[in-house]
Amino acid sequence: MKILFFGPNGSGKGTQGAIVKDKYGIPHIETGVIFRTNIGQGTDLGKEAKGYIDRGELVPDSITIPMILDRLKQDDCKDGWLLDGFPRNLTQAQELDKALKEAGITLDIVIDMKLDRQIAKDRIMGRRLCVNDNNHPNNIFIDAIKPDGDKCRVCGGDLKTRDDDQDADAIDQRHNIYYDTETGTTAGLLFYQDVSAKNDGVPRIVDLDGKNALPEVSAELMDKLDA
Ligand code: AMP
């Protein structure tokens, strides 16, 4: 199963993505995580990406597109993958489409998780990352996933914030890119909706309402994936 997961920063996409990954037993490829891992390890890629990420800008396509296309060629991707955070603009969407067609790979599903911009912003600023597992959900502004004091509600691990999560200007910048229908992430989504409309509904577009509580969103997602 080959899946793209669209949703604004703060929509809970990472959390739902982890559930989709488990359902199909496919790798969950998150561009943001790849960049942050590289920054943490002090690699050349990390050094190059850091400034862009801190400002809430996209890392240039010349770095990001080959990085992801190479990742999709790795062995663990041969039976499927879940891409989360890519494509993030129209060019990335078009380049991915081209590369998949050239490789004879069919994209099965595009998930479109919708969330109002202001709600997404509040959620980002409340988000806390568990040092043990990036996918342990903790948010000081969401009752269902409030941390246990200052510790991870899942494993008791220490929590930290992402620098780019506490910078309102950087968040606005990321959302400007996401909601841009001309060249930004929404333009990439519209591109795939158009591909689907012209190709008998392939890939299947799955709409998801991100404003509900996490378990409800997961239930809606599972129902729609099974439909
Ligand atoms: P995320 O964890 O998805 O919020 O991504 C964090 C940051 O990584 C973004 O604000 C961008 O700076 C960078 N990034 C993630 N995905 C991409 C992408 N597909 N293209 C360019 N930059 C990206």
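Positions are given from 1 along the sequence. Source: prediction; values computed, not measured. Just so you know, ligand 1 is whichever comes first in the structure, and atom 1 is the first atom listed for that ligand.
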**Asked** By number and element, which atoms of ligand 1 are closer than 4.0 Å to a non-hydrogen atom of Q92?
**Response** 18 (C), 19 (N), 20 (N), 21 (C)
**Request:** Pick one of side chain, backbone, both or neither for how T64 approaches ligand 1, counting any non-hydrogen atom pair under 4.0 Å.
**Result:** side chain
**Request:** May I ask you to check whether G85 has an N/O atom sitting below 3.5 Å from an N/O atom of ligand 1?
**Result:** yes
**Item:** Residue and atom name of the nearest protein heavy atom (relative to atom 22 (N) of ligand 1), distance in Å to one decimal
**Value:** V59 N, 3.0 Å
**Message:** Considering non-hydrogen atoms of the protein only, which is the closest contact for atom 9 (C) of ligand 1, and what is the distance?
**Reply:** R88 NH2, 3.5 Å
**Asked** Considering only the protein, which heavy-atom contact is closest to atom 2 (O) of ligand 1, and what is its distance?
**Response** R36 NH1, 2.9 Å
**Request:** Report, as yes or no, whether the 6.0 Å neighbourhood of atom NZ on K98 holds more than 12 heavy atoms from other residues, nucleotides or ligands.
**Result:** no
**Request:** Sorted by first residue and then second, give each side chain to side chain donor-acceptor pair (under 3.5 Å) pair with at least one member in residues 45-54; sequence neighbours left out.
**Result:** K50-D54
**Request:** Using modelled atom types only, decide if a donor and an acceptor are shared between the side chain of D167 and the backbone of A170 within a distance under 3.5 Å.
**Result:** yes
**Asked** Is a side-chain donor or acceptor of H136 paired with a backbone partner of C152 at a separation under 3.5 angstrom?
**Response** no
**Request:** Would you kindly say whether T183 and D180 are connected by a side-chain donor-acceptor distance under 3.5 Å?
**Result:** yes
**Request:** Assess the side chains of N9 and H175: does a donor N or O sit below 3.5 Å from an acceptor N or O?
**Result:** no
**Fill in**
The protein heavy atom nearest to atom 4 (O) of ligand 1 is N9 ND2, 2.8 Å
**Request:** Using heavy-atom distances, let me know which of R55, K50, E57 sits nearest atom 11 (C) of ligand 1.
**Result:** E57
**Complete:** Heavy-atom nearest pair, R88 first then L58, reads CG-CD2, 3.3 Å
**Message:** Counting only nitrogen or oxygen atoms and a 3.5 angstrom limit, does K13 reach ligand 1?
**Reply:** no
**Message:** Among all protein heavy atoms in this structure, tell me which lies nearest to atom 23 (C) of ligand 1, with the distance rounded to 0.1 Å.
**Reply:** F35 CE1, 3.6 Å
**Asked** In the protein, which heavy atom is nearest to atom 7 (C) of ligand 1, and how far is it?
**Response** I53 CG1, 3.9 Å
**Request:** Tell me which one of M67, R162, R174 gets a heavy atom nearest to atom 6 (C) of ligand 1.
**Result:** R162
**Request:** Please determine if R71 and D76 form a salt bridge, counting it only when a charged side-chain N lies under 4.0 Å from a carboxylate O.
**Result:** yes
**Message:** Among all protein heavy atoms in this structure, tell me which lies nearest to atom 16 (N) of ligand 1, with the distance rounded to 0.1 Å.
**Reply:** T31 OG1, 2.9 Å
**Request:** Answer yes if the side chains of Q173 and D169 hold a donor-acceptor pair under 3.5 Å, and no otherwise.
**Result:** no
**Prompt:** Looking only at distance, does P87 have an N or O less than 3.5 Å from an N or O of ligand 1?
**Reply:** no
